[in-house]
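Accompanying notes for the structure given below.
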Amino acid sequence: MASTTPRYWLMKSEPEECSIDDALAAPKATVPWVGVRNYQARNFMRDGMRVGDGVLFYHSSCAEPGIVGIARVASGVRADPTQFDAKSPYYDAASKLDAPRWLLVDVQALRKTRVLGLPELRGVPALADMMVLRKGNRLSITPVDAAHWRLIADGLLA
DNA sequence: GCCAACGTTGGC
DNA sequence: GCCAACGTTGGC
């Protein structure tokens, strides 16, 4: 059945590419989530995301990796234009205009938070089974349990 | 810079 | 379809 139950996600961004500050400074605090080049992450956007879903904005590959803000899914999926841009690091020569391989959604930043870093996240027993904390996890988009969302967005980062 | 984990590619 | 080689992610 169709559900209006909010869903929640964690989305990684390298702050040198797009930080929470960059997102908040963008028009309508909204940025196109370019560069996803992993099928599992793409499928989460395509099959799982709805406009309005909650997003934990995460900084990766940086000095202090962790959750740095609260955002929301602000659009449905569409083709990621960078896959067709030969000058882009995200260019994919094998992707066809009439059959785009890579998709994106718009993400609207709602507020910046303190940095909720990996060591602190790992120290909360109730969060132990978060996907992002699993050893070797590389997925840039992961679903977040409602209980985990509440504990983080309404608790640790309230 | 190192390296563990994991995804993709391509020979067979 | 198997699987070794290779590339990428991302924490440390």
Side-chain angles (χ1 to χ4, degrees), chain A residues 7-26 30-49 53-74 77-145 147-149 151-153 155-157:
Chain A
R7 300 160 186 250
Y8 306 101
W9 309 92
L10 181 142
M11 299 177 78
K12 295 180 186 174
S13 181
E14 300 187 13
E16 296 198 354
E17 288 288 316
C18 179
S19 70
I20 184 69
D21 290 320
D22 295 333
L24 281 166
T30 300
V31 290
W33 207 260
V34 300
V36 172
R37 295 294 181 269
N38 170 283
Y39 289 106
Q40 216 178 332
R42 181 202 67 181
N43 293 348
F44 280 138
M45 289 194 289
R46 185 188 64 193
D47 305 331
M49 284 190 180
D53 285 359
V55 173
L56 300 173
F57 197 112
Y58 181 98
H59 281 175
S60 66
S61 295
C62 58
E64 204 177 0
I67 297 163
V68 295
I70 304 295
R72 63 187 284 276
V73 176
V77 281
R78 65 177 182 278
D80 179 343
T82 63
Q83 71 197 299
F84 303 121
D85 178 0
K87 297 193 186 78
S88 168
Y90 301 124
Y91 179 61
D92 182 352
S95 187
K96 301 288 181 260
L97 269 169
D98 57 356
R101 179 177 293 180
W102 304 114
L103 305 172
L104 61 71
V105 297
D106 289 332
V107 173
Q108 180 178 34
L110 298 177
R111 64 185 171 95
K112 185 179 181 176
T113 65
R114 70 184 177 89
V115 180
L116 178 48
L118 276 183
E120 183 176 355
L121 286 167
R122 293 190 195 283
V124 181
L127 299 177
D129 55 347
M130 279 190 80
M131 281 185 73
V132 74
L133 300 183
R134 280 203 332 223
K135 187 174 181 182
N137 166 70
R138 298 184 311 163
L139 263 185
S140 64
I141 299 176
T142 51
V144 172
D145 292 349
H148 293 160
W149 171 270
L151 185 51
I152 293 169
L156 298 168
L157 297 178

Compare all side-chain heavy atoms of A:L10 with those of A:I67 and state whether any distance is below 4.5 angstrom.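 Yes - at least one pair of side-chain heavy atoms lies under 4.5 Å apart.
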
Are A:D92 and A:R37 ion-paired here, with the side-chain N under 4.0 Å from a carboxylate O?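 No, A:D92 and A:R37 are not salt-bridged.
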
Are A:F57 and A:W33 close enough that their ring centres sit under 6.0 Å apart?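 Centroid separation for A:F57 and A:W33: below 6.0 Å.
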
Between A:S61 and A:E14 (side chain of the first, backbone of the second, donor and acceptor by atom type, cut-off under 3.5 Å), is there such a pair?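 Checked: no pair found.
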
Under a criterion of less than 4.0 angstrom to any heavy atom of chain A, what are the 5'-terminal and 3'-terminal contacting nucleotides of DNA chain B?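 The footprint of chain A covers B:dA4 to B:dT8.
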
Evaluate the ring planes of A:W9 and A:F44, with Trp represented by its six-membered ring, and classify them as parallel (under 30°), tilted (30 to 60°) or perpendicular (over 60°).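 Correct class here is tilted.
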
